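Okay, so here's the structure we're looking at.
Reminder, nothing fancy here: chain letters follow the sequence lines and each chain counts from 1. Since the structure is predicted, the reported quantities are computational estimates derived from the model, not experimental observations.
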Number of protein chains: 4
Amino acid sequence: MARPRSEDKRNAILDAAIEEFAARGVWSTPTAAISRTAGVAEGTLFTYFASKDVLVNELYRALKVELADAMMSTYPAKASSREKFAHVWMQYLQWAMAHPLKCKVMGQLRVSDRITTETREAGSAPFAELLREGEECVRRKVFVDQPVHFIGAMFNGLAEATMAALAEPDGSGTDYAAAGFDVFWRGVARP
Amino acid sequence: MARPRSEDKRNAILDAAIEEFAARGVWSTPTAAISRTAGVAEGTLFTYFASKDVLVNELYRALKVELADAMMSTYPAKASSREKFAHVWMQYLQWAMAHPLKCKVMGQLRVSDRITTETREAGSAPFAELLREGEECVRRKVFVDQPVHFIGAMFNGLAEATMAALAEPDGSGTDYAAAGFDVFWRGVARP
Amino acid sequence: MARPRSEDKRNAILDAAIEEFAARGVWSTPTAAISRTAGVAEGTLFTYFASKDVLVNELYRALKVELADAMMSTYPAKASSREKFAHVWMQYLQWAMAHPLKCKVMGQLRVSDRITTETREAGSAPFAELLREGEECVRRKVFVDQPVHFIGAMFNGLAEATMAALAEPDGSGTDYAAAGFDVFWRGVARP
Amino acid sequence: MARPRSEDKRNAILDAAIEEFAARGVWSTPTAAISRTAGVAEGTLFTYFASKDVLVNELYRALKVELADAMMSTYPAKASSREKFAHVWMQYLQWAMAHPLKCKVMGQLRVSDRITTETREAGSAPFAELLREGEECVRRKVFVDQPVHFIGAMFNGLAEATMAALAEPDGSGTDYAAAGFDVFWRGVARP
DNA sequence: CATGAATGAGGATTCATTCAT
DNA sequence: GATGAATGAATCCTCATTCAT
């Protein structure tokens, strides 16, 4: 199938999907709701995405790419390791705070069975640079002696927890973002 | 008088739900699949759970209760703080490893819109004891000066990440469970 | 099947059926609603009535019998024809006003396909006396020269219309009952 | 652009509904039977009528409109009052005889709880002209001194009874239609 | 290509009836 | 006989996808 005409329309559909998925849950949202919100006809959705599964996978990939861009595009290649991770951490949280719907949808998609392994791999590709830095840190004994993917998982888990804390409406004013990163760094840095 | 409602049947339905939800995803499993797996008629499911939503909420609560029991029933009330948290951490991970399906389903339910606030609250009730210990640690300056719910979130986030790492089939033999706890403790303990 | 034990229970079921049918419509009322209102178990209903259809037919018959009793038990066998019909007319309307639910249900059952011809015939049996008087009136040229069943239909149609008028909440105070009978009598009496 | 919604298909569904409702009763006919008879897919019914309730209400309204058209479209505005009512009466009965199924269905719908007040009002709107004539007759002392709606109810009640008599298969050859109107007129005309 | 009506398999639930207790 | 849990066919409706316009 040739590339469909309008990139705008494709994006409108993806945006509508985010909005609807966030509001009603991924598997409770009919494609008709998405097309309506996107302002296109029901059938049009299927000229841009062959099926709902495809749409969902592409959306996941798109969100990952956007997040990766937010996190990595200003990556301070020359800073210290700590600064590199801190920078990425902060970009992550800022993006998450700026895009709560996208964040919520990513959370739902992450645990979904309909996201293929291929999509998942594509989604983590842009973070290769960060992985390399992690490996370096392990090698240089800056980090504890654990596989990078494990350390990456810690990073993610803590970031998500921090995000959730930031999202709470208790407004205690605490700077969870910085606190969260401290937990991460103290946790994985070799004592 | 009359057949009494059977706890066995209720459990069979919940077990079947776990099995099917893990295999096909919560919102892709028809109630008919659950009843078939449970060995009851389609209608019987609805004498035990008024609707699929109710079933899903009760299942979430039941899983939480089971997990809480695994984590807290052998809580070492007289041990040191570190030992208390370590114990709970290990019980958590052991339960998770022993019940991967339940774990997977909990992961899906946690992000679901259909789980009510009430259910969520009921699910976290059994961990009150742990919260208290956390507060104590903050007060005694064992932990960094952050709200307990934030520290609890860190605990959870790291535990989940560790679980995921344990579930990976790379079988590197690394003891992720212990390593994960070390990250947690170093992270939240006052340096 | 032997006569079931308790006549009371049978009546409770019929009464409950009237109440529920009036409130929710005959075919929107589950048998379970009837048994609940009657204060008996779901299954018990079926020891008194073999099926819902049977229940509905017996109810129709019972209502007809009750109405017939109200109309005919004080039938003034020695009065003039006009007085006879007027008496029956008034009894009819009084019964209808006194039992609006029963009346409503009869209205629904009358047009229902599930009422058998046999039931309908049984329902009109108690009015034989009145039919005879009608025939007499035709023969004696008190009524216009039409078949009695046609005149009976007029009687019924006008009585129902009068009932509906009485049920309206406009409360104009008009004596519809008497006015309705006058319309009937003028209409069918030979001028 | 796109297939336009077809009035034909809508009518086919309404016609099928009449046929099936007449044969099996309104609440015993599955929507699937209607769509099959109409020659459309099960789902198509719901693009024309949002629910069975909506279909039933629209059907009632459509039947009323059709009947009103039959009765009122040739209304002899310049004839005498008696002729006006006689005309409408005859049109009513002719329509009823010509469309026994529609008539039967209207009878069932009239007593149904699912017909909304709004639908009922819309259904009686086209008869305003006749109501006015009735009021005129009361004012000019052609009719007895009763509210028009009461006289209207008599008209209806008698017409229905006459219809039922006409529908009986005794084929006595009696001209019930004319006889019925005579009953009406004698009944309501001031003696 | 865009549109939205048409399709029909699938799904949650209901409910008359049966039957174990 | 009474009870109410168990049954599963039947029902209304949804929705991903197709296709005529």
Side-chain angles (χ1 to χ4, degrees), chain A residues 1-6 9 27-36 39-56, chain B residues 1-6 9-10 27-36 39-55, chain C residues 1-6 9 27-36 39-56, chain D residues 1-6 9-10 27-36 39-55:
Chain A
M1 193 187 312
R3 180 87 45 92
R5 200 55 71 72
S6 147
K9 222 161 257 184
W27 299 112
S28 310
T29 310
T31 56
I34 299 171
S35 44
R36 185 170 354 99
V40 303
E42 288 183 39
T44 302
L45 188 149
F46 293 91
T47 79
Y48 288 86
F49 304 95
S51 71
K52 194 183 182 185
D53 269 13
V54 168
L55 163 60
V56 159
Chain B
M1 27 187 108
R3 229 167 312 183
R5 222 178 267 201
S6 137
K9 217 159 267 184
R10 200 189 123 97
W27 300 113
S28 310
T29 13
T31 54
I34 299 171
S35 43
R36 187 170 350 99
V40 302
E42 287 186 38
T44 301
L45 188 149
F46 293 93
T47 80
Y48 288 87
F49 304 96
S51 70
K52 195 181 181 184
D53 268 15
V54 168
L55 164 61
Chain C
M1 189 188 314
R3 180 88 44 94
R5 201 52 74 70
S6 147
K9 222 161 257 185
W27 300 112
S28 308
T29 311
T31 56
I34 299 171
S35 44
R36 185 169 356 98
V40 303
E42 287 182 41
T44 302
L45 188 150
F46 292 91
T47 81
Y48 289 86
F49 304 95
S51 71
K52 195 183 181 183
D53 269 12
V54 168
L55 163 61
V56 159
Chain D
M1 27 189 109
R3 228 168 312 185
R5 221 177 267 202
S6 137
K9 216 159 268 182
R10 201 188 124 97
W27 299 112
S28 310
T29 34
T31 55
I34 300 171
S35 44
R36 187 173 348 100
V40 302
E42 287 185 37
T44 301
L45 187 149
F46 293 93
T47 80
Y48 288 87
F49 304 95
S51 70
K52 195 183 181 182
D53 267 15
V54 168
L55 165 61

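The listed nucleotides are F:dT3, E:dA6, E:dT7; the one nearest the side chain of D:V40 is E:dT7. Across E:dT3, F:dT21, E:dC19, the shortest atom-to-atom separation from the side chain of D:R3 is found for F:dT21.
A search for side-chain contact (heavy atoms from CB on, under 4.5 Å) contacts involving D:S6 returns D:D8, D:K9, D:Y48, not counting sequence neighbours. Under the side-chain contact (heavy atoms from CB on, under 4.5 Å) criterion, D:T31 pairs with D:L45, D:F46, D:K52, not counting sequence neighbours. Residues that satisfy the side-chain hydrogen bond (donor to acceptor under 3.5 Å, both in side chains) test with C:S28, not counting sequence neighbours, are D:R114. Partners of D:T47 under the side-chain contact (heavy atoms from CB on, under 4.5 Å) rule, at least two apart in sequence or in another chain, are D:T44.
For B:S35 against B:E42, the heavy-atom pair with the smallest separation is OG-CA, 3.6 Å. Summarising the geometry of A:W27 relative to A:V56, their closest heavy-atom pair is CH2-CG2, 4.3 Å, with the distance given to 0.1 Å.
Where A:A41 and D:S6 each meet DNA chain E at their nearest nucleotide, the meeting point lying more 5' is that of A:A41. Residues C:G39 and B:T44 each lie close to DNA chain F; by heavy-atom proximity, the contact nearer the 5' end of the strand is made by C:G39.
Contact between the side-chain N/O atoms of A:T47 and the OP1/OP2 oxygens of E:dC1 is not found at any separation under 4.0 Å. Between F:dA5 and B:K9, no contact under 4.0 Å exists linking OP1 or OP2 to a side-chain N or O. Contact between the side-chain N/O atoms of D:Y48 and the OP1/OP2 oxygens of E:dA5 is not found at any separation under 4.0 Å.
Counting non-hydrogen atoms under 4.0 angstrom, C:F49 reaches nothing in the nucleic acid.
One can place CZ of D:R5 at 17 Å from P of F:dT21, the figure rounded to the nearest angstrom. In this structure, the CG atom of C:L45 is 16 Å from the P atom of F:dA5, given to the nearest Å. The CG-C1' distance, from C:D53 to E:dA16, rounds to 11 Å in whole Å. Put simply, CZ on C:R36 is 15 Å from C1' on E:dA16, counting in whole angstrom units.
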Give me, pair by pair, the N or O atoms of the protein and of nucleotides 9-12 of chain F that are less than 3.5 Å apart, along with how far apart they are.
from   : atom 1 : to    : atom 2 : distance (Å)
F:dC12 : OP1    : D:K52 : NZ     : 3.0
F:dC12 : OP2    : D:T31 : N      : 2.9
F:dC12 : OP2    : D:T31 : OG1    : 3.2

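To the nearest 0.5 Å, atom CD1 of residue D:I34 and atom OG1 of residue D:T29 are 5.0 Å apart.
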*So what's the dot-bracket for DNA chain F: Watson-Crick or G-U pairs under 3.5 Å, [ ] if a pair crosses, | if it pairs off-strand?*
.||||||||||||||||||||
